[in-house]
Amino acid sequence: MKNRKVVLIDGNSLLHRAYHALPPLKNKEGLFTNGVYGFMTMLYKILDDYKPEYVSVAFDKKGPTFRHEEYKEYKAGRKKTPDDLKMQFPMLKDILDRMNIHWIEFAGYEADDIVGTFSKHCSTKNMDVIVVTGDKDYLQLVDKNIKVLITKKGMTNLEEYDEQAMFDRYSLTPDEFVDLKGLMGDKSDNIPGVPGVGEKTGIKLLKKYNSIENIYENIDEISGKKLKERLIENRNQAFMSKMLAKIVTNVPLDIDLEDIKKEEPNQSELLELYTQFEFKSFIDKFDKEIIQDSKEKIDTEVEILDSKDELYKIVNGIDKGNFIFKFIVNGENNLKDKILGVGFKYNDDKSYYISFGDEKDTKEKLNILSSVFQNDKIAKIGHDIKEDILILFRYGIDIYNVFFDSLVAGYLLQASQKEYSLKTLADEYFNISMQNEEDLLGKGRNKKSFDEISIDTIADFIATKLNIINKLKKVLLEKIEEYDMKDLLENIEMPLIKVLADMQYQGFKIDIEKLKELGLEFENQINNLTEEIYDLSGEEFNINSPKQLGVILFEKLELPVIKKTKTGYSTNAEVLDKLLGKHDVIEKILQYRQIVKLKSTYIDGLIPLINKDTNKVHSSFNQTITTTGRISSTNPNLQNIPIKTEEGRKIRKVFVSKDKEHKLVDADYSQIELRVLAHISGDPKLIEAFENKDDIHAKTASEVFEVERKDVTSLMRSRAKAVNFGIVYGISDYGLSRDLNISRKESKKYIDNYLKNYSLVKNYMEDIVNIAKKDGYVKTLLNRRRFIPEIKSRNYNVRSFGERTAMNTPIQGTAADIIKIAMINVYRELKNRDLKSKLILQIHDELIIETHIDEIEEVKSLLKELMENAIKLNVPLTVDMNVGNSWYGTK
DNA sequence: GGGATCACG
DNA sequence: ACGTACGTGATCCCG
């Protein structure tokens with residue numbers, strides 16, 4: 001018969017280990033959970049590996065122990081347990097209770113004494129005993145039935161010691177190990193031992209004499225004058241140290257094995273706690289059913305409306321309050337695809353769903369609803385409302401009072417998340433699990449569309465959504481107020497939704513003929529370059545494959561390897577630039593790369609996105625992607641259309657105004673980020689420079705290079721420009737040296753010179769990093785918040801990244817805030833004045849208005865006015881403007 | 001689906 | 001000694 005197995009754990013030791021091994025994880029309430037999480041990870045692993053019938057976790061009990069009575073200085077000078085860790089003890093004990101795992105503490109004794117007593121008791125009963133700890137002292141407990149597991153670096157690694165393993169490692173028996181500690185002492189417990197005796201000497205002595213007692217009986221034999229002297233001098237201390245180090249094995253415990261028998265955990269209670277602590281990986285191990293049962297149920301009461309009359313009756317009763325709504329579309333493109341219906345919920349009433357038939361039916365039903373959408377007294381609430389507005393615009397319906405969007409609100413609260421779907425938010429803010437579209441429709445080849453789903457299913461689906469949006473509204477708004485972001489939400493992000501929807505709806509006209517012409521031009525160049533490259537390298541290969549190109553360049557042609565990537569040779573432009581002149585093929589490859597990029601991304605990539613009827617592209621402007629508050633653009637990305645090279649800039653010739661009656665007016669902020677820096681740092685010299693309309697890069701050059709202003713060369717100016725960029729990005733000498741291809745020493749000098757000149761900028765950089773360290777986040781001028789957990793990382797690279805982020809985010813983010821305000825004001829003003837001109841694009845510091853030719857002067861003046869006065873800073877904001885028939889022309 | 005590359009502010 | 005500039009998106013290759 002197999003021996004019964006018991007696992008005994010030193011809870012204090014293991015929780016300490018876990019706490020120090022893991023980064024400071026917190027749940028969303030701010031509760032530190034790292035120690036508990038690490039402990040449980042280990043516990044699960046041990047239970048899994050050893051499958052014990054009996055388990056107990058021992059803790060130290062507060063207050064003095066018998067050791068303190070024997071020796072007042074015991075554990076003196078030890079650092080206080082940090083509060084972040086202290087609060088995790090009751091948390092852990094709570095988990096153990098819910099797991100039905102026994103835990104124990106006993107006044108006057110430490111955890112190791114309890115474990116010692118228990119383990120010896122079990123050993124005499126011939127049980128297999130496994131003791132788990134982070135403390136080597138426990139090795140004295142090892143015997144033929146007792147094994148000791150000691151944590152190694154990395155936490156989940158445990159080293160197992162039985163009698164043999166111990167002897168292999170220390171050449172000592174467990175009993176001798178106590179004496180070793182008596183000789184060596186222990187700094188962390190403030191046990192003195194014999195000064196000058198360390199592990200090596202101690203082991204040597206004990207191998208010969210086996211115990212401290214025996215050493216002193218034979219003290220005359222000891223070789224080594226000094227050692228002998230020390231031993232004699234510290235005789236009492238040695239015996240006392242041994243006594244302190246000896247784990248007590250007769251604590252007066254009332255031991256009943258039945259008490260520590262491992263029982264089944266209370267699943268639902270445990271799940272509740274794991275949910276609170278956000279231990280996702282542990283939750284995943286539970287049965288699906290138990291998880292499901294633990295979830296909060298969501299109201300899905302919904303009435304399907306069958307006719308326009310029914311719809312009309314309901315809509316008629318809506319005059320003020322909250323209107324939560326969501327359209328169902330048969331596809332991805334709300335500007336094109338069929339609208340299947342709409343679900344809505346008025347205040348806390350039940351949900352309604354009504355499906356739309358043909359175009360005529362759709363229009364009629366939307367017309368009935370338009371009185372709600374256009375009623376300023378009714379607060380519109382939804383999730384990703386921009387997509388719904390596209391539908392309304394498509395049917396000529398305006399919308400007022402866009403009050404709350406859970407997508408945007410979720411983003412504002414935590415801008416670094418990947419996504420903010422209702423399912424994710426429901427999971428994050430409530431204990432609710434819901435279906436998303438993928439769960440409903442499937443994915444890949446078997447993906448269904450909504451028109452293959454029964455109307456009852458759709459109605460349930462949408463009712464769930466509406467109810468979750470309603471619940472989210474409450475908690476997200478509370479949080480937003482707590483973060484002081486109400487103004488940002490109400491006056492910037494919510495009004496912006498409609499502006500972005502309109503930009504997307506308006507679109508940007510493409511000159512198809514010009515596009516095709518340019519495509520052919522690029523194609524010819526590519527063909528020629530391909531031939532030349534094959535010729536120069538002596539064989540045909542796929543030039544687009546960095547792997548194949550690497551083989552040609554660095555193996556066949558034996559060019560020097562400048563840089564490697566994870567997967568092989570680096571062949572990027574930086575590397576190729578350094579190889580220029582070493583082989584004729586390099587120049588051709590650089591040209592080839594450039595033209596292929598232009599053609600594949602900006603010609604071929606654009607074509608499928610053009611609406612064939614209108615020749616327009618309708619880029620999607622995304623409000624919830626960037627961590628800094630900028631917006632992003634996709635399908636196509638209109639924020640990275642080439643400009644830096646003439647060849648690339650030609651692409652802009654295909655972006656034209658929609659007809660002869662319109663032109664493009666392009667307005668961009670000059671140096672907005674440096675101006676923001678001047679404002680938030682308050683640096684008088686920087687502020688003055690902008691007030692004086694100074695050439696900022698030239699000015700920086702004269703300061704950084706310590707030359708008279710008249711002696712600034714164009715090379716100096718362009719380098720100073722890089723320094724200014726570096727400052728905004730959260731400067732590092734390494735980054736600057738790479739960018740300018742100069743030594744780090746030199747770049748460090750430039751930076752030092754800069755910061756010497758602009759001492760308040762230097763202060764800002766230091767202050768903001770400290771703020772981020774203290775608060776865990778930084779803010780923009782308008783209270784947009786970004787959490788920077790990286791700044792507390794123990795990894796240098798990660799931490800440095802956090803510091804640069806802390807410096808850059810308030811600058812980039814404030815600039816983003818400012819242009820958002822400008823966009824809202826411009827949009828409103830164009831509308832108020834009933835102008836035909838429309839805002840169609842934003843590129844971070846630049847706006848493009850498709851302007852009616854009769855309105856050009858008016859638009860230019862209102863644009864300039866509204867952009868420059870979007871916000872009052874202690875430096876002026878200035879805007880440059882250009883007009884053209886194409887985007888190429890606006891220069 | 002991730003890595004490399006390169007387009008923009 | 002450590003080794004990266006901040007923020008994005010699209011395309012291509014390749015496992």
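Both backbone and side-chain heavy atoms feed into the values below; hydrogens, waters and symmetry mates do not. For clarity, every value in this text was computed on a predicted model and none was experimentally measured. A, B, ... follow the sequence lines: proteins, then strands. Residue 1 opens every chain.
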Peer 1: If you measure only the distance, is there a donor-acceptor pair under 3.5 Å linking the side chains of A:Glu647 and A:Gln594?
Peer 2: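 Per modelled atom types, A:Glu647 and A:Gln594 side chains form no pair under 3.5 Å.
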Peer 1: Heavy atoms only, 4.0 Å cut-off, all strands: where does A:Asp604 land among base, sugar-phosphate and nothing?
Peer 2: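 Nothing: the residue A:Asp604, judged by heavy atoms under 4.0 Å, touches no strand.
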Peer 1: Mind calculating the distance between CD1 (A:Ile625) and P (C:dC6) to the nearest angstrom?
Peer 2: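 Going from CD1 in A:Ile625 over to P in C:dC6 covers 19 Å.
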Peer 1: How many Å lie between CE on A:Met765 and C1' on C:dC6, as a whole number?
Peer 2: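 My rounded result for the distance is 11 Å.
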Peer 1: What string of B, S and - do you get for nucleotides 2-9 of chain B, 5' to 3', if B is base contact, S is sugar-phosphate-only contact and - is no contact with any protein heavy atom under 4.0 Å?
Peer 2: --SSBBSB
Peer 1: In whole angstrom, give me the gap between the P atoms of B:dT5 and C:dA5.
Peer 2: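 Pairwise P distance, B:dT5 against C:dA5, rounds to 13 Å.
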Peer 1: Please work out if A:Leu638 contacts a base, only the sugar-phosphate, or nothing of the nucleic acid, heavy-atom cut-off 4.0 Å.
Peer 2: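 Here A:Leu638 touches no strand at all.
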Peer 1: Do A:Tyr754 and A:Tyr750 have ring centres separated by under 6.0 Å?
Peer 2: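 They do not qualify: ring centres at least 6.0 Å apart.
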Peer 1: Mind checking A:Asn544 for me? I need base, sugar-phosphate or nothing, with any heavy atom below 4.0 Å counting as a touch.
Peer 2: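 Since only primed, P, OP1 and OP2 atoms lie under 4.0 Å of A:Asn544, the category is sugar-phosphate.
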Peer 1: Taking CZ from A:Arg738 and C1' from C:dC6, how many angstroms apart are they, rounded to a whole number?
Peer 2: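 Checked: the CZ to C1' distance equals 13 Å.
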Peer 1: Salt-bridged, A:Lys556 to A:Glu539, with N to O below 4.0 Å?
Peer 2: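 Counted as a salt bridge, because a side-chain N and a carboxylate O are separated by less than 4.0 Å.
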Peer 1: Which part of the nucleic acid does A:Ala722 contact within heavy-atom distance under 4.0 Å: base, sugar-phosphate only, or nothing?
Peer 2: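 Since a base atom lies under 4.0 Å of A:Ala722, the category is base.
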Peer 1: Side chain of A:Thr780, backbone of A:Leu782: donor and acceptor closer than 3.5 Å?
Peer 2: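 Confirmed, A:Thr780 side chain pairs with A:Leu782 backbone.
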Peer 1: For C:dG9, does OP1 or OP2 lie under 4.0 Å from any side-chain N or O of A:Thr634?
Peer 2: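 Checking A:Thr634 against C:dG9: no side-chain N or O falls below 4.0 Å of OP1 or OP2.
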Peer 1: Taking any strand in view, what nucleotide pairs with C:dC6 in a Watson-Crick or G-U wobble way, both distances under 3.5 Å?
Peer 2: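 B:dG9 is the nucleotide pairing with C:dC6.
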Peer 1: Consider the side chain of A:Ile731, meaning its heavy atoms from C-beta on, and name the nucleotide among C:dA5, C:dG3, C:dT8 that approaches it most closely.
Peer 2: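 Among C:dA5, C:dG3, C:dT8, the one nearest the side chain of A:Ile731 is C:dA5.
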Peer 1: Atom NZ of A:Lys564 to atom P of C:dG3: distance rounded to whole Å?
Peer 2: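 Taking atom P of C:dG3 as the reference, NZ of A:Lys564 is at 18 Å.
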Peer 1: Checking all strands, does A:Asn795 fall into the base, sugar-phosphate, or nothing category for heavy-atom contacts under 4.0 angstrom?
Peer 2: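 Since no nucleic acid heavy atom lies under 4.0 Å of A:Asn795, the category is nothing.
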Peer 1: Expressed as a whole number of Å, how far does the P atom of C:dC2 sit from that of B:dC6?
Peer 2: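 The answer is 27 Å between these two P atoms.
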Peer 1: Can a donor-acceptor pair under 3.5 Å be found between the side-chain atoms of A:Arg744 and the base atoms of C:dG3?
Peer 2: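 Yes, a donor-acceptor pair under 3.5 Å.
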Peer 1: Over how many whole Å does the gap from A:Leu740 atom CG to C:dT4 atom C1' extend?
Peer 2: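 Whole-Å distance recorded here is 15 Å.
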Peer 1: Does C:dC14 have OP1 or OP2 sitting under 4.0 Å from an N or O in the side chain of A:Ser545?
Peer 2: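 Yes, within the criterion.
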Peer 1: Base, sugar-phosphate, or nothing for A:Ser732, non-hydrogen atoms under 4.0 angstrom?
Peer 2: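 Base, at least one base atom sits under 4.0 Å.
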Peer 1: So, A:Phe801 and C:dT4: ring centres less than 5.5 Å apart, planes less than 30° off, yes or no?
Peer 2: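 Check failed, A:Phe801 does not stack on base of C:dT4.
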Peer 1: Taking the side chain as every heavy atom from C-beta outward, state whether A:Met823 and A:Leu500 have any atom pair closer than 4.5 Å.
Peer 2: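 Yes, close enough: below the 4.5 Å cut-off.
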Peer 1: Judged by each residue's nearest nucleotide on DNA chain C, which is more toward the 5′ side, A:Pro636 or A:Thr628?
Peer 2: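 On the 5' side of the pair lies A:Thr628.
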Peer 1: Search all heavy atoms of A:Val728 against all heavy atoms of A:Leu674 and return the closest pair with its distance.
Peer 2: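 Looks like CG2-CD2, 3.8 Å.
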Peer 1: Quick one, A:Ser421 and A:Glu437 - any side-chain contact, counting heavy atoms below 4.5 Å?
Peer 2: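 Contact flag for A:Ser421/A:Glu437 side chains = no.
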Peer 1: Does C:dT8 have OP1 or OP2 under 4.0 Å away from a side-chain N or O of A:Thr627?
Peer 2: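 Affirmative; the distance criterion is met.
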Peer 1: Quickly work out the A:Tyr734 OH to C:dC6 P distance and round it to whole Å.
Peer 2: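 In whole Å, C:dC6 P lies 12 Å from A:Tyr734 OH.
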Peer 1: Without hydrogens or angle criteria, can the side chains of A:Thr424 and A:Glu419 be said to hold a donor-acceptor pair below 3.5 Å?
Peer 2: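 Looking only at side-chain atoms, A:Glu419 and A:Thr424 do form a donor-acceptor pair, the distance falling under 3.5 Å.
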Peer 1: For C:dG9 and A:Asn635 - does any side-chain N or O of the residue sit under 4.0 Å from the phosphate oxygens OP1/OP2?
Peer 2: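 Answer is no, no contact under 4.0 Å.
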Peer 1: Hey, which of these two, A:Ser600 or A:Ala415, hits DNA chain C nearer its 5' end, going by closest nucleotide?
Peer 2: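 Looking at the nearest nucleotide for each, A:Ala415 comes out on the 5' side.
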Peer 1: Between C1' on C:dT8 and CG on A:Asn808, what's the gap in Å once rounded to a whole number?
Peer 2: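 To the nearest whole Å, that distance equals 12 Å.
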Peer 1: Just to confirm, is there a sub-4.0 Å distance from OP1 or OP2 of C:dT4 to any side-chain nitrogen or oxygen of A:Arg804?
Peer 2: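 No.
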Peer 1: A:Arg786 side chain: which of C:dT11, C:dA5, C:dG7 is closest?
Peer 2: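 In terms of side-chain proximity for A:Arg786, the closest of C:dT11, C:dA5, C:dG7 is C:dG7.
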Peer 1: Within this structure, what is the CG-to-P distance between A:Asp739 and C:dC6, rounded to whole angstrom?
Peer 2: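 The answer, rounded to whole Å, is 12 Å.
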Peer 1: If C:dC13 has a Watson-Crick or G-U wobble mate with both distances under 3.5 Å, name it; if not, just say none.
Peer 2: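 Its partner is B:dG2 (Watson-Crick or G-U wobble, both distances under 3.5 Å).
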Peer 1: Regarding A:Gly730, tell me which of base, sugar-phosphate or nothing describes its non-hydrogen contacts under 4.0 Å with the strands shown.
Peer 2: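 Nothing: the residue A:Gly730, judged by heavy atoms under 4.0 Å, touches no strand.
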Peer 1: Between A:Phe655 and A:Tyr888, is the ring centre distance below 6.0 Å?
Peer 2: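 Between A:Phe655 and A:Tyr888, the centre distance exceeds or equals 6.0 Å.
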